[in-house]
Amino acid sequence: MAGPPVSLSARDVGSFAYLTVKDRLPQILTKAIDTLHRHKSEFFEKHGEKGLEAEKKAISLLSKLRNELQTDKPIVPLVEKFVDTDLWNQYLEYQQSLLNESNGKPRWFLSPWLFVECYMYRRIHEAIIQSPPIDDFDIFKELKDQNFFESQESIIALCTHLQDLMKTIEDLDENQLKNEFFKVLQISLWGNKCDLSLSGGKTISQKINLINSLEDLKPFILVNDMEHLWSLLSNCKKKRGKASITRVDIVLDNSGFELVTDLVLADLLLSSKLATEIHFYGKTIPWFVSDTTLHDFNWVIEQLKHSNHKWVSKCGVDWENHIRMGRWVYLDHMFWTLPHEFSAMPHVAPDLYATLQKAHLILFKGDLNYRKLTGDRRWEFTIPFHEALNGFHPAPICSIRTLKAEVQVGLQPGQGEQLTASVPNWLTIGKYGIFQFDGPL
Ligand code: F6P
Ligand code: MG
């Protein structure tokens, strides 16, 4: 049997991977440098001269990184000791071993896109941790916050919708509940349009009221396994004994508006008793511009809590309470910010794999998670999702993702070709979405 296809890479001139490495990644680095410049006086106020020196150092490390990228230099090992340094350097050696026959070295425009893109964010982090006392500075924080503030109207609409629903949730019949569940699932899907790395770090906020647009957006859902999610969770609910639990895990993606949509989904799961416990997974370091860290997670809930809008602040209070009572658990693990595809998890992070195996359902939010689920390879559109997962089956899983990279599997014969003919860049514009499920029901 043939092995999995080759990885997407910037070596394919003109591909989305190529354009990302050539244009988008340097833009993100330039923005990061600019952010450090703009915080100069803040660093000085906080740390005096040492703060200024640190700012200079971080800027020079980032400029060096941008130069390495733009001149396609070999990828160099990480130097600063951190929890994951050895794993990164081993991965680089592995990439090197793949090239030994050709005598080549891993490079930005040659190696797998997934690897070099993850590596860039890890090097940004290295530049910061090498620059004390500003070594805990989140270079993307203000962009994430801006996205949250600019999405206020949609957040108000969403929280109001949820609180309205709460009033009648106990009285809903099966069909009504299913309908509401599908609505919040779709809100969480379209919330994934708000990733900030695709825009080169420009904010994309959510201005329209999503709830009123769901019907119009339905034709853009290319794989729709929402029914599977409903059967799985409603069966769990029916069969569950008094003392037992149903745990849904959500592997989070972006902070700001998308995170609020995910928390709304998590709240509905609990209040409808489709689940009894939710585990959230976030990132340990700033990642792909907008991804959620523990700090972002707490910050968003705190902001909601202190909103002067009654229903928004009610959401904040309720959600803080879910955390306090242990119904919501936030966890992080360095695996999520490694370059490995998820099929490597059992041997790279067996503890995390074992944790995920205890879930009844795992929701993977966003595009990067999809790339890691499928190994970011040039799969044919009709290859079954199960096959592309390459042995990664910790529990039933579902990817909830808007398409922003040239990888998509599990389509109907002809579906991909038809889309290519009518919308040539359908894979990368974030306009289409999927709910793609794998697992026994
Ligand atoms: O380069 C754009 C991009 O970084 C994609 O490559 C990546 O998969 C995506 O944006 C991140 O999107 P998301 O936040 O949905 O994972
Ligand atoms: Mg993201």
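As a basis for the values below, the full set of heavy atoms in this structure was taken, side chains included, without hydrogen atoms, waters or symmetry mates. Just so you know, these numbers come straight off a predicted model, no measurement behind them.
Side chain to side chain, Q96 and N100 meet the donor-acceptor criterion of an N or O pair below 3.5 Å. Using modelled atom types and a 3.5 Å distance limit, the side chains of Y370 and Q436 yield a donor-acceptor pair. Side-chain contact check for N192 and T402: at least one donor-acceptor pair (N or O, by modelled atom type) lies under 3.5 Å.
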(request) Evaluate the criterion side chain to side chain contact (heavy atoms under 4.5 Å, CB included) for residue pair V409 and E387; output intermediate values, then yes/no. (result) CA-CA 9 Å; V409 299; E387 194 177 324; over 6 Å; no
(request) Show the numbers, then the answer: is there a side chain to side chain contact (heavy atoms under 4.5 Å, CB included) between V116 and V21? (result) CA-CA 8 Å; V116 298; V21 177; 4.2 Å; yes
(request) Any chance you could lay out the side chain to side chain contact (heavy atoms under 4.5 Å, CB included) test for L99 and L110, step after step, and finish with the verdict? (result) CA-CA 10 Å; L99 295 169; L110 172 77; 4.0 Å; yes
(request) Determine, step by step, whether W108 and Y119 satisfy the ring pair (Phe, Tyr, Trp, His ring centres under 6.0 Å) criterion, reporting the C-alpha distance in whole Å, the side-chain angles of both residues, the deciding distance to 0.1 Å, and the verdict. (result) CA-CA 10 Å; W108 295 89; Y119 174 80; 5.5 Å; yes
(request) Walk me through it: do W299 and F148 pass the test ring pair (Phe, Tyr, Trp, His ring centres under 6.0 Å)? (result) CA-CA 10 Å; W299 183 88; F148 174 83; 5.3 Å; yes
(request) Apply side chain to side chain contact (heavy atoms under 4.5 Å, CB included) to the pair D296 and F140, showing each step before the final yes or no. (result) CA-CA 11 Å; D296 300 324; F140 303 125; over 6 Å; no
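Rounded to the nearest 0.5 Å, atoms OH (Y121) and CG (L29) are 8.0 Å apart. Separation of atoms OG (S60) and CG (N67) is listed at 12.0 Å; rounding is to 0.5 Å. Taking CZ of F181 as the reference point, atom CG of L274 lies at 6.0 Å (rounded to 0.5 Å). Taking CH2 from W426 and CG from L403, the interatomic distance works out to 6.5 Å, rounded to the nearest 0.5 Å. Note that the CG atom of D23 and the OH atom of Y18 stand 8.0 Å from one another [nearest 0.5 Å]. Once rounded to the nearest 0.5 Å, the distance linking NE2 of H309 with CD of Q152 reads 10.0 Å.
Of the possible polar contacts, one joining the H360 side chain to the R247 backbone as a donor-acceptor pair under 3.5 Å is found. A distance-only check finds a donor-acceptor pair linking the side chain of T85 to the backbone of E80 [under 3.5 Å]. Remark: side-chain polar atoms of W88 are not paired, donor with acceptor, to backbone N or O of L78 under 3.5 angstrom. With hydrogens and angles ignored, the 3.5 Å screen pairs a side-chain donor or acceptor of S63 with a backbone N or O of I59. Within the 3.5 Å criterion, the main-chain N or O of F109 finds a donor-acceptor partner in the side chain of D72. The backbone N or O of K40 lies less than 3.5 Å from no partner atom in the side chain of E55, so there is not a single donor-acceptor pair. In this structure a side-chain-to-backbone donor-acceptor pair under 3.5 Å is present from T292 to S255. Within the 3.5 Å criterion, the main-chain N or O of L427 finds no donor-acceptor partner in the side chain of Q408.
For the pair K404 and D367, the tightest heavy-atom approach, listed with the atom from each and the gap, is N-OD1, 3.0 Å. A pairwise comparison of heavy atoms in V300 and G256 identifies CG2-N, 4.2 Å as the closest pair. Taking all atoms of both residues into account, the shortest heavy-atom contact from C315 to L162 is SG-CD2, 3.9 Å. When every heavy atom of H125 is checked against every heavy atom of P286, the shortest pair comes out as ND1-CD, 4.1 Å. Between S111 and S9 the shortest heavy-atom distance is O-OG, 3.1 Å. Residues C159 and V312 come closest through the heavy atom pair CB-CA, 3.9 Å.
Electrostatic pairing of D86 and K81 counts as a salt bridge here, judged by a charged N lying under 4.0 Å from a carboxylate O. Looking at E53 and K57, no side-chain N of the basic residue comes within less than 4.0 Å of a carboxylate O on the acidic one, giving no salt bridge.
Counting heavy atoms from C-beta outward, H37 and I33 have side chains that approach closer than 4.5 Å. Using a 4.5 Å cut-off on side-chain heavy atoms (C-beta onward), R38 and E142 make contact. At a threshold of 4.5 Å between non-hydrogen side-chain atoms, the residues L189 and M226 do not count as touching. Contact annotation: the side chain of L98 approaches that of Q95 to within less than 4.5 Å [non-hydrogen atoms, C-beta and beyond]. Here the side chains of L25 and E117 are in contact, with some heavy-atom distance below 4.5 Å. V423 has its side chain within reach of Y432: a pair of non-hydrogen atoms, C-beta onward, lies under 4.5 Å apart. Using a 4.5 Å cut-off on side-chain heavy atoms (C-beta onward), L361 and L229 make contact. In this structure, the side chains of E126 and V79 come closer than 4.5 Å at one or more pairs of heavy atoms.
Counting non-hydrogen atoms of neighbouring residues, nucleotides and ligands closer than 6.0 angstrom, the CZ atom of F149 exceeds 12 such neighbours. For K141, the NZ atom sits in a packed shell: over 12 heavy atoms of surrounding residues, nucleotides or ligands are nearer than 6.0 Å. Atom CZ of R11 sits in a sparse spot, with 12 or fewer heavy atoms from other residues, nucleotides or ligands closer than 6.0 Å. Atom CD of Q130 has more than 12 heavy atoms from other residues, nucleotides or ligands within 6.0 Å. Other residues, nucleotides and ligands contribute at most 12 non-hydrogen atoms within 6.0 Å of the CZ atom of R378. For K73, the NZ atom is densely surrounded, since the number of other residues' heavy atoms within 6.0 Å is greater than 12. Counting heavy atoms of neighbouring residues, nucleotides and ligands inside a 6.0 Å radius, atom NE2 of H39 exceeds 12 of them.
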Side-chain donor-acceptor distances from residues 338-358 under 3.5 Å, at least two apart:
from	atom 1	to	atom 2	distance (Å)
E341	OE1	R377	NH2	3.0
E341	OE2	S343	OG	3.3
S343	OG	N390	ND2	3.4
D351	OD1	H333	NE2	3.2
D351	OD2	H333	NE2	3.0
Y353	OH	H393	N	3.4
T355	OG1	D351	O	2.8

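A salt bridge (Lys or Arg N to Asp or Glu O under 4.0 Å) with K365 is found for one member of D262, D291, D253 and no other, namely D262. Of the listed residues (F280, F297, W319), just one forms a ring-ring contact (aromatic ring centres under 6.0 Å, His included) with Y330, and that residue is F297.
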